[in-house]
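Working notes, structure below.
For the single chain, residues carry numbers from 1 onward in sequence order. Since we're looking at a predicted model, the values are computed, not measured.
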Amino acid sequence: MQAHGKGPVSVIFNLVRLIGAALAAGVLMAAIALPAVGGAGVGVKGATDALNLKPEDLQEPPLPEVTEIRDAKNKLIAQFYYQNRESVPLTKVAPIMREAIIAIEDYRFYQHGALDLEGTVRAAMTNFQSGGVSQGGSSITQQYVKQVLLNKAETDEERQAALAPTLPRKLNELRYAMAIEEKYTKDQILERYLNIAYFGASAYGIQAAAKRFFDKPASELNLEEAATLAGAVQNPNATDPNLGKKYRASLLSRRNIVLDRMAELKKITPQQAAEAKAKKLVYKDIPIPGGCEQSDYPYFCLYVQHEILNDKQFGKTQKARREFLNRGGLVIRTTLDTKMQKAADQAIKKWVKASDKPVASQALVEPGTGAIKAMAASRKFGSSKKKNESNYNLVADVAHGGGAGFQAGSTFKVFTLTTALKEGMKFGDGISSGATFRAGGYGDFKNCKGQGVGDPGWDVHNSSESSGGFKTLQTGTWGSVNTFFLRLEQKVGLCDVVKTAKDMGIKRADGQKLREVETFTLGVNEMDPVTVASAYATLAARGQYCAPMAITQITDRDGKVTSFKPSCKQALEEEVADAVNDILSGVFTKGTMSGVGGIGRDAAGKTGTTDGSMTAWFAGYTPDLASAVSLGDPRGSATHPLRGVTIGGRYYGEVFGATISGQIWKATMLKALADIDPTSFVAPDMSRFGGCSTGCAPKPPKEKGPDGGPFSPDDPRGPDNPRGNPPPGPDQGEGDTTGTPAIPLVHPTN
């Protein structure tokens, strides 16, 4: 008999193995398989030939392993798994655990080959006498084979076949076991068995079981703990301590059987067995970390998960990529900055409650790399409608597990401003616009297919009748004047504005094509915070657009490391970005964020409020960090606008971009950047952008005081007094696109 299965197996011994397998399976009719021919030698030869009782190679796919997601500092933040397993070498399993499992499952494991006939018969007699199943009949090698076949099974039929109590199944199992005994040493087989076995309570493998049951690694298991886990292996579903008192009682009984068997085999003394049996059953029920719902960073976790599911380098099909993620045993390093995440979470919590119907969402992106530093939302991630939870990614697009997003409002005016500067306009250049805008004809605006998309049947208004008149690129932006931006978009060309937006990474949250319509500059396209923050980060990085990036490194189960670098391109001239930054900086001091104020360092940004305050945004940045905050009602922003609402315990008659989103942005940035030294924007090239070229504002008449002379320095009505000529209030000029059709119209070119 070969202890390690390294030599030829005789025909007679093969037949003995066959008989033993039949007995173990309880198949008494196995004798029928032996041909009734004269002569024992002929009969044996005929039987073995007919049954093809030869070693057969078993394909052993890698075991499903836990995939870990870690933050930028390598701290665990989430796990995915098909089976909660962490494989370990036999040297990291406590010797007492090895003794316990061998004692109860296959006490002659190191003395026999693929089948232990003596042990099988002994187990059958013991079980018959006890009226139950106290000892295993299959060898550890056979049990390992069965577990491999179960793990390979992809359908219910295959799983049933792997467990079927039939002679063909036992014969196949035996053939595979014979090959396994020839392929591995006994220690290698035991190691594989301990890592593949299921112990109950969603714990696969000895390491996961030790942590789940006792909150310790397998290397530190003591006698009673080892006996507990060894007892669970035989029928883990009947001894699962999570299922109640009855099952825990069964597990306790099994533990004591193992201890008695170890004493019988003189692996421990009777006194040790008695002392261990006197102890209460221990089960600590350590929670299984895993899945985005259990992570402290669920929305970022979802984004990472979908990054892999969407990338064909991780598998040709969606199924292959999901298997790579769930079974891969990967360690995924990410860009998440938990300090910045905390800043975003706290800021949102201050202004919007998890129980509110409107939802605030925020993404933080690093300029120059595209690294997503944080993703936060006011609602908790989960499936409970009662708790007002969300079961999709509130911060990202559909491709990353998100929803259709919200209309971005006046944050899109930045792309029209950028296009104007690209095409040669200067800070002082401007346009006269009224309080209402109506296209003169379909051809006033043309999409990138050359189709006329102007709509002479609809009016666009400003939020204040006084916001019309002559506006420069600066004053029109600071006041966020709708009619000015429609005139500006008409001047530079709708298609050029769309191209600028695309170059800066803009795409719809639902994955559909951008709506290239007259009101494109007013933000009629639905967006997600990650996309908008990344687009604004382009300006912070002096025109360099970097695709959003969440993963920096993946280490596979074999230790192979794959690193990921930022994917960047120069989308704008540096000087153009500098000029945009200069104008948008004024939004904090002279524009729609003046009531909120800046953050004590160079910053730029733009508010965004859609028609009737259906949604409200703020997107802003410093040279070091960009962020976008959206606010809207997932039930439908058209039917549930942000008017007459209570959010965060405060009542609002109407919500603008600066009202809540701007406040969240400011609070987040103050804390997120607290330990980062301020960086300044590069000053604009005034020889290129200073002054005006055409359409300069007429010189205003000199204002006179009440007595016909100049205003006194203290007169609040004076143009030089800080109390006089106040900047526009929150979002004055934006947010009213009355009459804009819900579905943009496309008309043939006139």
Side-chain angles (χ1 to χ4, degrees), residues 63-66 79 81-90 92-106 109 133-136 138-151 159 162-163 189-259 261-262 276 279-290 327 329:
L63 293 178
E65 299 276 354
V66 170
Q79 291 187 140
Y81 56 86
Y82 172 72
Q83 293 177 350
N84 176 30
R85 174 185 284 107
E86 181 184 345
S87 295
V88 292
L90 192 62
K92 291 191 176 181
V93 178
I96 194 65
M97 182 68 232
R98 297 179 235 165
E99 295 284 4
I101 200 76
I102 290 172
I104 196 63
E105 291 299 317
D106 188 358
F109 173 65
V133 180
S134 60
Q135 293 183 21
S138 297
S139 69
I140 283 178
T141 307
Q142 288 174 285
Q143 292 181 54
Y144 170 70
V145 167
K146 181 171 68 175
Q147 291 296 327
V148 170
L149 294 174
L150 271 174
N151 273 291
R159 281 185 281 272
L163 297 172
I189 295 171
L190 180 60
E191 177 183 297
R192 281 165 168 74
Y193 173 69
L194 285 170
N195 281 316
I196 200 172
Y198 179 55
F199 291 85
S202 299
Y204 293 82
I206 188 61
Q207 182 80 338
K211 291 181 177 180
R212 178 87 168 101
F213 280 62
F214 309 116
D215 194 22
K216 62 173 58 176
S219 60
E220 297 179 8
L221 292 169
N222 60 31
L223 173 59
E224 55 268 24
E225 292 166 347
T228 300
L229 295 180
V233 166
Q234 189 179 85
N235 192 353
N237 293 323
T239 56
D240 191 328
N242 271 352
L243 300 180
K245 292 182 179 179
K246 174 183 175 182
Y247 297 87
R248 294 193 183 200
S250 296
L251 181 59
L252 177 63
S253 175
R254 283 291 300 164
R255 182 200 71 176
N256 293 341
I257 289 173
V258 173
L259 291 169
R261 180 62 174 155
M262 292 179 73
K279 295 181 179 180
K280 294 181 179 180
L281 179 73
V282 175
Y283 174 61
K284 294 191 175 181
D285 192 17
I286 301 302
I288 304 172
R327 294 174 178 256

Problem set entry | Any donor-acceptor N/O pair, Arg255 side chain to Thr228 backbone, under 3.5 Å | no
Exercise. Is the closest side-chain heavy-atom distance between Phe214 and Leu229 below 4.5 Å?
Worked result: yes
Exercise. Got Ile102 and Phe109 here, is their nearest side-chain heavy-atom distance under 4.5 Å?
Worked result: yes
For this session: Considering non-hydrogen atoms only, spot the tightest contact between Leu259 and Ala276 and give its length.
Result: CD1-CB, 3.6 Å
For this session: For residues Ser219 and Val93, determine if any side-chain heavy atom of one lies less than 4.5 Å from a side-chain heavy atom of the other.
Result: no
For this session: Establish, from distance only, whether the side-chain atoms of Ser139 and Gln142 form a donor-acceptor pair under 3.5 Å.
Result: yes
Problem set entry | Salt-bridge contact Lys279-Glu224 (side-chain N to carboxylate O under 4.0 Å) | yes
Exercise. Tell me, do Glu225 and Lys216 make a side-chain contact under 4.5 Å, heavy atoms counted?
Worked result: yes
Exercise. What do the steps show when you test Arg85 against Leu63 for side-chain contact (heavy atoms from CB on, under 4.5 Å), and what is the final call?
Worked result: CA-CA 8 Å; Arg85 174 185 284 107; Leu63 293 178; 3.9 Å; yes
Problem set entry | Gap between atom CZ of Arg261 and atom CG of Asn256 - 0.5 Å precision | 15.5 Å
For this session: Please list, chain by chain and in numerical order, all residues satisfying side-chain hydrogen bond (donor to acceptor under 3.5 Å, both in side chains) with Lys146, sequence neighbours excluded.
Result: none
For this session: Check Thr239 against Arg254 and note the closest heavy-atom contact, atom names and distance.
Result: CG2-CG, 4.0 Å
Exercise. Looking only at heavy atoms, which two atoms of Ala232 and Leu251 are closest? And how far apart?
Worked result: CB-CD1, 3.8 Å
Exercise. Are Asp106 and Thr141 close enough that some pair of their side-chain heavy atoms sits under 4.5 Å apart?
Worked result: no
For this session: For the residue pair Tyr193 and Gln143, confirm or rule out a side-chain donor-acceptor distance under 3.5 Å.
Result: yes
Exercise. Is it true that the side chains of Tyr283 and Asn242 contain a donor and an acceptor less than 3.5 Å apart?
Worked result: yes
For this session: Would you sort out whether Leu190 and Ile101 count as a side-chain contact (heavy atoms from CB on, under 4.5 Å), showing the intermediate values?
Result: CA-CA 9 Å; Leu190 180 60; Ile101 200 76; 4.0 Å; yes
For this session: Report yes if some heavy atom in the side chain of Ile96 is under 4.5 Å from a heavy atom in the side chain of Met262; otherwise report no.
Result: yes
Problem set entry | Any residue meeting salt bridge (Lys or Arg N to Asp or Glu O under 4.0 Å) with Asp285, in chain and number order, not counting sequence neighbours | Arg212
For this session: Could you grab the distance from atom CG of Leu90 to atom CE of Met97, nearest 0.5 Å is fine?
Result: 11.0 Å
Problem set entry | Heavy-atom closest pair, residues Ala210 and Pro217 | CB-C, 3.8 Å
Exercise. Under 3.5 Å, side chain of Asn195 to main-chain N/O of Val88, donor-acceptor pair present?
Worked result: yes
Problem set entry | Distance-only side-chain donor-acceptor flag, Asn151 / Gln83, under 3.5 Å | yes
For this session: Check whether any side-chain heavy atom of Pro89 sits under 4.5 Å from a side-chain heavy atom of Glu191, and report yes or no.
Result: yes
Problem set entry | Close side-chain approach of Val66 and Glu86, heavy atoms under 4.5 Å | no
Exercise. Ignoring hydrogens and geometry, is there a side-chain-to-backbone donor-acceptor pair from Arg248 to Pro241 under 3.5 Å?
Worked result: yes
Exercise. Roughly how far apart are Gln234 CD and Ser138 OG, rounded to 0.5 Å?
Worked result: 10.0 Å
Enumerate donor-acceptor pairs with a distance under 3.5 Å from any side-chain N or O in residues 196-209 to protein atoms, sequence neighbours excluded.
residue: Tyr198; atom: OH; partner: Ser202; partner atom: N; Å: 3.2
residue: Gln207; atom: OE1; partner: Ala218; partner atom: N; Å: 2.9

